[in-house]
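In what follows, chains are A, B, ... by sequence order, proteins preceding strands, each numbered from 1. Worth saying up front: this structure is predicted, and the values here are computed from it rather than measured.
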Amino acid sequence: MAFIKNVFSRLKIHTQDRNKILVTKYSYNKYSDNGNKRSFKFHDGAVDPDIQFHSNLGEEWWWSNENLLIHLNEVRIPFIINGIYNSHLIYGTSGNINNLKNINILDVGCGAGILSESLARLEGNVVGLDPSTALINIARKHAKYDFRLEKYLRYEATSINDFAKSNVHKFDVVIASEVIEHISNKEKFLENCLNCLKPQGALFITTPNKTLMSKIFIVKLAERLGFVPIGTHNFDKFITFEELKNLLTKLGCTIKQTQGMVYNPITQKFILSYYNILMYAVYAQKISSFKHEL
Amino acid sequence: MIIKRALSSSISNFYDIIITGGGMIGSVLACKLASNPVFRNISILLIESGPKKPWNIELTKNKDNFSNRVSSLNNNTKVLLQKINVWDIIESCSCQDVSQIKVWGPGSNNISTTFDVEDNFNLDHLAYIVENDVLIAAVMTALNNYDNVHVLHDNIVTEYKISKNTEETVKLRLKNEEHIECNLLIGTDGINSKVRQAMDVQYLSWNYNQKAVVATLKIERLKDNNTAWQKFLHSGPIALLPLADEISSLVWTTTPDYAKMLLSLSEESFVDALNTALWKEPIKDVFASSVTNIVSAVLKTLNIHEKHEEIIPPTITQVLKNTRAAFPVGFGHAVSYVIPHVALVGDAAHRVHPLAGQGVNLGFGDVECLDSILSKYFLIGVKLGDIRALREYETIRQRCNVPKLIAIDFIQKIAGNSWSPLLATTNAGFQVTDAVSLLKKFFIDRAAT
């Protein structure tokens with residue numbers, strides 16, 4: 001019952017806010033229509049309409065319980081921590097306490113810092129990277145609410161392409177969570193990510209799969225029912241599990257662990273599962289210390 | 001303390017968790033959180049309005065004076081106290097195991113239910129009777145071992161500022177005009193919780209128009225004193241809880257006027273009144289006794305054996321000096337236990353009739369649950385006081401607490417009533433529960449967890 005009520009209330013909100021959403025959608029379409037003629041030029045292959053779209057969401061990012069990315073933390077953080085432990089970046093665990101002390105983490109496409117803040121609370125040295133200055137400003141503003149983050153968290157409003165040039169082999173862990181589905185040139189993007197990574201470092205990627213199911217549930221239904229804002233995803237840019245695996249192997253990575261992720265709208269919780277048709281998480285280790293051409 | 005603050009935070013007067021109310025629930029919660037390795041780097045403040053009490057284990061061991069405020073702790077609570085290393089201290093001071101509970105009503109002395117520890121193989125004892133003061137003193141001593149928790153005695157919060165902006169901290173003003181802030185405020189300040197009032201949540205409550213008279217009694221008993229007795233009367237239940245050899249604690253729930261009278265009686269007359277109430281002739285009721293016979297016949301056809309054991313309650317010989325007191329009983333339940341950055345635990349969230357001895361155990365259940373949920377979310381980098389973690393705590397605890405509150409309220413309404421249909425129902429209830437061991441096991445399980 002609660003679920004149905006929830007859905008209805010979401011639909012109601014959407015009829016009320018239709019005008020606003022239509023405007024957002026219109027601006028999105030306008031950018032896509034332009035195709036290659038981009039009004040903003042970014043060098044990392046990230047496409048400006050997507051950046052513009054996420055910037056427009058603004059403060060909405062941190063409206064707790066509404067943003068699915070906050071719920072996603074419950075599965076992606078254990079996945080990341082598990083991977084970090086397995087990659088032997090941390091020697092000697094102290095019981096079951098998650099602590100990322102002295103681990104340099106790069107969160108690529110951090111948005112408003114939903115994942116970055118949580119990792120910084122676990123005392124990892126986190127750098128949040130996002131090409132949108134508006135989002136980085138929101139992230140910086142939000143991080144001020146928790147004075148402990150100051151020591152561990154730093155945001156940079158720049159593209160991965162520029163950032164990678166000056167930060168070669170700097171990070172133990174690079175995370176691109178729910179980002180790669182917004183990138184056009186995925187190979188270039190992954191190459192940049194891997195350049196920032198130390199040899200033997202860990203790369204974590206979470207993204208929706210490119211399947212019929214994800215088209216129905218993630219692009220169509222989730223947007224219609226208001227679980228994600230309309231126009232968040234562009235199915236054409238999704239990447240299948242196999243494609244990503246091949247791409248990573250080609251770039252000199254070993255796939256260490258993969259995991260599917262499923263959202264239960266009734267309990268409003270994500271769960272890790274073997275079922276990777278909807279969304280998946282990949283943990284890859286950088287093997288070759290070969291510096292990729294910039 | 002200055003060093004501790006400098007270590008734990010950069011803002012002075014900031015604590016991660018503030019617990020208001022250093023009673024049984026508050027102190028155990030502080031100890032449980034402080035002992036959790038996950039929270040070793042966070043700062044916890046416990047604010048208690050009472051003064052710091054000097055406490056000496058040796059003195060408590062050899063004392064003859066027993067406090068009149070005691071609690072019946074169940075097995076889950078024992079496990080919780082073992083985890084925070086205070087159970088051993090309590091056990092060495094004053095703790096009486098209960099291995100049998102005898103319950104009977106006003107209808108007949110032959111119709112009763114005896115809960116025996118042998119009915120359930122999972123348990124060592126049905127319950128443990130512990131003086132509240134001993135429990136608090138043991139926990140306060142244990143708190144000294146943890147340097148991430150600070151206890152502020154003799155102080156109260158005079159103002160709560162809970163911001164509408166869910167990201168901002170909770171600001172408190174203390175009696176001495178000091179201002180403190182926290183990420184998570186936990187209200188363990190009992191039935192008239194100030195935190196609950198500040199939270200502005202709906203609170204469902206009613207009074208039973210009853211008062212509980214407590215006292216410490218000397219009883220005449222040759223065998224080990226490990227049986228708890230409870231007689232349901234029209235005015236409310238009388239419970240005798242074993243406290244030591246020959247010493248029992250009384251919880252006599254009755255009408256406010258009669259309670260007032262009982263307190264004003266001389267010691268001898270009080271003992272007489274109590275013995276009379278316990279030994280009172282059963283109410284003769286034709287309808288009730290015929291129902292009893294029918295139930296007996298049904299049980300016989302079903303081949304369920306009835307014991308027909310006559311209840312012989314202990315004789316009270318003396319009431320200890322200055323141990324009589326009375327407090328009101330009532331029902332209360334906060335519709336919501338949590339808002340962003342604030343949570344209610346124990347009696348602040350729910351209040352229950354003392355007839356089943358469950359009130360404090362439900363509170364300890366809250367403590368255990370809140371600790372595990374907070375640490376679960378803390379480990380994935382969620383800020384303390386985040387509403388998601390608190391909502392999960394609320395859901396789990398309300399699922400557990402509400403059925404018990406309803407069941408206890410139901411028993412309070414039914415049992416002991418002398419109106420003949422209800423008397424018959426009570427008697428039938430005792431008969432069936434006593435005869436069907438599965439039902440008995442169910443009740444023991446519910447009370448123990």
Side-chain angles (χ1 to χ4, degrees), chain A residues 2 59 61-82 85 93-101 105 107 112-124 126 138 141-153 175 267-270 272, chain B residues 5-17 33 35-43 83 148 163-171 180-184 338-341 371-392 394-396 398-399:
Chain A
E59 299 277 344
W61 277 78
W62 276 109
W63 289 351
S64 193
N65 291 321
E66 290 298 321
N67 192 337
L68 283 189
L69 289 172
I70 297 178
H71 294 291
L72 189 62
N73 274 357
E74 285 162 33
V75 289
R76 57 184 170 177
I77 291 177
F79 181 81
I80 289 164
I81 288 169
N82 205 9
Y85 276 127
T93 62
S94 42
N96 56 353
I97 298 153
N98 297 349
N99 194 305
L100 304 175
K101 207 153 210 161
I105 302 167
D107 183 8
I114 288 166
L115 180 63
S116 312
E117 276 197 16
S118 287
L119 293 169
R121 269 194 206 101
L122 299 171
E123 302 184 340
V126 183
I138 291 166
K141 195 174 145 200
H142 191 272
K144 288 213 171 74
Y145 288 119
D146 192 347
F147 65 90
R148 281 190 193 170
L149 293 176
E150 202 184 314
K151 209 170 126 193
Y152 300 103
L153 185 58
I175 300 161
T267 57
Q268 302 196 337
K269 271 189 192 327
F270 276 96
L272 285 174
Chain B
R5 279 190 187 167
L7 278 175
S8 59
S9 63
S10 59
I11 300 172
S12 66
N13 292 344
F14 176 87
Y15 294 90
D16 290 283
I17 300 177
L33 292 173
S35 65
N36 192 336
V38 173
F39 297 128
R40 71 199 185 290
N41 288 333
I42 70 157
S43 52
K83 276 187 209 159
N148 53 351
S163 171
K164 287 269 178 285
N165 180 351
T166 54
E167 300 294 346
E168 282 197 14
T169 53
V170 178
K171 294 177 180 66
I180 48 174
E181 287 179 39
C182 64
N183 267 340
L184 175 59
V338 298
I339 60 169
H341 296 281
D371 174 62
S372 71
I373 298 283
L374 286 181
S375 58
K376 177 182 139 194
Y377 277 87
F378 191 79
L379 287 177
I380 56 166
V382 175
K383 196 174 168 183
L384 278 169
D386 190 280
I387 190 65
R388 275 175 300 153
L390 297 179
R391 280 259 178 271
E392 192 169 327
E394 180 192 68
T395 310
I396 294 176
Q398 288 197 339
R399 257 177 222 164

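- A:R121 contributes atom CZ, which lies 9.0 Å from atom CZ of B:F378 (distance to the nearest 0.5 angstrom).
- Here the straight-line distance linking atom CZ of B:R391 with atom CD of A:Q268 works out to 11.0 Å at 0.5 Å rounding.
- In this structure B:E392 satisfies the salt bridge (charged side-chain N to carboxylate O under 4.0 Å, His left out) test together with A:K269, B:K376, sequence neighbours excluded.
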Audit row: A:R148, B:D16, side chain to side chain contact (heavy atoms under 4.5 Å, CB included) steps and yes/no: CA-CA 11 Å; A:R148 281 190 193 170; B:D16 290 283; 2.6 Å; yes
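- Taken to the nearest 0.5 Å, the CD atom of A:E123 stands 6.0 Å off from the CG atom of B:N41.
- To the nearest 0.5 angstrom, A:I77 atom CD1 is 10.5 Å from B:L379 atom CG.
- Taking every heavy atom of both residues into account, B:I380 and A:N73 meet most closely at CD1-O, 4.4 Å.
- B:R388 places a side-chain N or O within donor-acceptor distance of the main-chain N or O of A:I70, the cut-off being under 3.5 Å.
- Closest approach of B:G381 to A:L122, counting heavy atoms only: N-CD2, 3.9 Å.
- The residues A:E117 and B:K383 are annotated as not salt-bridged, no charged nitrogen and carboxylate oxygen being separated by less than 4.0 angstrom.
- Here A:E150 pairs with nothing under the side chain to side chain contact (heavy atoms under 4.5 Å, CB included) rule; sequence neighbours left out.
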